[in-house]
Protein chains: 2
Amino acid sequence: MADVARRAGTSTAVVSYVMNDGPRPVAVATRERVLAAAADLRYRPNRIARALRARRTGVAGLILADASNPYFAALAREIERALADRDTLTLVGNAGHSPARQKRLAERFLAAQVDGLVVVSAEGGADVAAEAEAHGTRAVHVHHRPRTAHGPLVPADNAAAVRAAVDHLRGHGHERIDFLSGPTDAGPVGVRRRAWARATPGTLLRCTYSRADAADLTERLAATDTLPSALVVATDEQAIGVLAGACRAGVAVPGRLAVVSLDGAPDTAYTAPALTVTAQPLTAMADRAVDQLLTGEADDTPLTAPLITRATCGCPDRPRSGSPR
Amino acid sequence: MADVARRAGTSTAVVSYVMNDGPRPVAVATRERVLAAAADLRYRPNRIARALRARRTGVAGLILADASNPYFAALAREIERALADRDTLTLVGNAGHSPARQKRLAERFLAAQVDGLVVVSAEGGADVAAEAEAHGTRAVHVHHRPRTAHGPLVPADNAAAVRAAVDHLRGHGHERIDFLSGPTDAGPVGVRRRAWARATPGTLLRCTYSRADAADLTERLAATDTLPSALVVATDEQAIGVLAGACRAGVAVPGRLAVVSLDGAPDTAYTAPALTVTAQPLTAMADRAVDQLLTGEADDTPLTAPLITRATCGCPDRPRSGSPR
DNA sequence: CTGAAAGCGCTTACAG
DNA sequence: CTGAAAGCGCTTACAG
């Protein structure tokens, strides 16, 4: 920067003003000279130095419970996109469902002076929001905020989504509809489970949030002839497992078993058969989370997750002509 | 830091030495006082200041062609893990297959003074490696390096993988085996396509790297009765689309159409039916890429991608008992 | 083993 | 409209 200033016959202050288009005006002739000098010297501003002085890095931290889960992965992509739209870089880390790892990530990101932290489906036990607050940094939760944590949350309207799913299956003639939940009733899955219990009779099933477990469970139910005619599944990860298990057991979907999944990430459009889902509005959730992070304005009205009918509910699978995801 | 030094009755130099365990020794008593003072004041070192002075940020940049692709997403996860294992944070960005966006990301990451850049399946046209070199920063390509780019590449043995896939399908009695390639023969897909052409007779099929296109193509082939009995598919993304298209068209897999995919990311274990694949060794690739990035030592011997037989090739789908992914 | 001080590359009051 | 200079929070020669 000093070199550029020297070559342009001016001061580093002026160089800064032209590189940043402000905050003070620069005479056209001076600006030209600076730009020419910068180009000649291939000058690239050092964002680290800028960050140290300006106390803003232009970097946000994104903490993921588990990017192997296609729903979280899709959400992560949208958040990275939303951040990039606002000229902010994304530091990512997978906590792998471990509170300890989650806490370590938060500490490291905070030490790296991120401008904010977005936490997708935080674990209980490690209060990232509190760490951030102690650091004077904003944090926002997406999808799920542990009961111990404070700070804003960007939620979807999970109860309404479940009601839509149940109503739709009922329209296909199912009177009892089972529900596949996670191992506990924490977070949005609990909301979904309770909304299902209020909406329809049926059996509560549980397994971990993994394809493997959901597939095994489905095979086991098929083997013991205890499969329901219709099943609402708490997460995409499990729904994909259910389809895999049904396929291995020779169970026809949707003929023998109708399925609706409640995350509805884009990947679900290309399962076999194509999953009917309630689709969480990932783009809107990401934009809202990032806006809240950058402006500090809170808005926790739930976002609508519309029903998307595809093949697994029993609707005819409409041929799609080259439709993008 | 000055506060800590004052409270411990020493200098900032000593505080630095104890926070970093070096490079100079500190008397035990002094160290204790510093640690106590740091704890009392909840002192957290500022990595940005450290980075400015030490000319190392402890951050690497990861540029992805497209995280929607499950293979790239899985590779990204492994790279983030490998970097974290070496105490390095990960800045990510999706280029969305656009050379312009890829270049912009590289510039931004370089401006953020990353210690290195890893590029997964770079686009031609934007020479990230050259940008990095001009900046005095290391870059390594994973999976694919455009012909215009220099620098190290971490490749899998794609030709051997294709031969294994073809041999296996031949063992199931297929004499002609078609190949679904991408729109062009760039990169590893070209290697795969040529290895297939050398190994077996069959028809060359092409479509974009999207589930939608692969599904549509499969439906179209089914409608015109031009489906092969066996198909090797260049990428997971397309293979998932083929399965979706087959399901929509009522084509039995593997009975009427046997399929093997050549990426073999973990997601392929839970398609319906489960995909037989050659599995790129993602963990080994990520570790090697990160080692090369951090040490500068190159090693471009191809990594083996073993055949994993599941259901789509015609092998019996073995029941798995709760096996993790 | 320790301290005083320079300096990393910027931004931004302060002064003109 | 512009310049000289302080200072962001560290690390690391330099000197003892």
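A note on names: the letters A, B, ... follow the listed sequences, proteins ahead of strands, and every chain is numbered from 1. All values derive from a computational prediction rather than experimental measurement. Because only heavy atoms are used, hydrogens play no part in the values below, and waters and symmetry mates are left out as well, while side chains stay in.
Of the N and O atoms on the side chains of B/Q280 and B/Y71, at least one donor lies less than 3.5 Å from an acceptor on the other residue. Side-chain atoms of A/D263 and A/T235 form no donor-acceptor pair, as typed in the model, at a separation below 3.5 Å. One side chain, A/T283 or A/E78, offers a donor N or O that lies under 3.5 Å from an acceptor on the other. Using a 3.5 Å distance cut-off with no hydrogens or angles, the side chains of B/R77 and A/S68 do pair a donor with an acceptor. Side-chain contact of B/N94 with A/E80: a donor-acceptor pair under 3.5 Å is present, judged by distance alone.
Here A/R31 pairs with A/D21 under the salt bridge (charged side-chain N to carboxylate O under 4.0 Å, His left out) rule; sequence neighbours left out. By the salt bridge (charged side-chain N to carboxylate O under 4.0 Å, His left out) test, A/R101 pairs with no residue at all, sequence neighbours left out.
Taken from CG in A/L75 to CG in A/L64, the straight-line distance is 8.0 Å, to the nearest 0.5 Å.
Of the residues in residues 4-19 of chain A, those with a non-hydrogen atom less than 4.0 angstrom from any atom of DNA chain C are A/T12, A/A13, A/S16, A/Y17. Contacts between residues 31-49 of chain B and DNA chain C, defined by a heavy-atom separation under 4.0 Å, are absent.
Rounded to whole Å, the separation between the P atoms of C/dC14 and C/dC10 comes to 24 Å. Spacing between C/dC8 and C/dA4 at atom P, rounded to whole Å, works out to 22 Å. C/dA5 and C/dC1 have their P atoms separated by 24 Å, given to the nearest Å.
You'll find the side chain of B/L110 reaches within 4.5 Å of the side chain of B/L117, heavy atoms only.
Consecutive Watson-Crick or G-U pairing (both distances under 3.5 Å) extending over three or more pairs maps onto DNA chain C as C:1-3 with D:14-16, C:5-12 with D:5-12, C:14-16 with D:1-3.
Of the listed residues (A/R7, A/R33, A/R6), just one forms a salt bridge (Lys or Arg N to Asp or Glu O under 4.0 Å) with A/D40, and that residue is A/R7.
First and last contacts of DNA chain C with chain B, using any nucleotide atom under 4.0 Å from a protein heavy atom and ordered 5' to 3', fall at C/dC1 to C/dG9.
One finds a salt bridge joining A/D85 and A/R81 here, because a Lys/Arg side-chain nitrogen approaches an Asp/Glu carboxylate oxygen to under 4.0 Å. The existence of a salt bridge linking B/D127 and B/R145 is excluded, since no basic side-chain nitrogen approaches an acidic carboxylate oxygen closer than 4.0 Å.
B/R138 places a side-chain N or O within 3.5 Å of a backbone atom of B/L293 that can act as its donor or acceptor partner.
Two residues, B/P25 and B/R55, neighbour DNA chain C, and the one matched to the more 5' nucleotide by heavy-atom proximity is B/P25.
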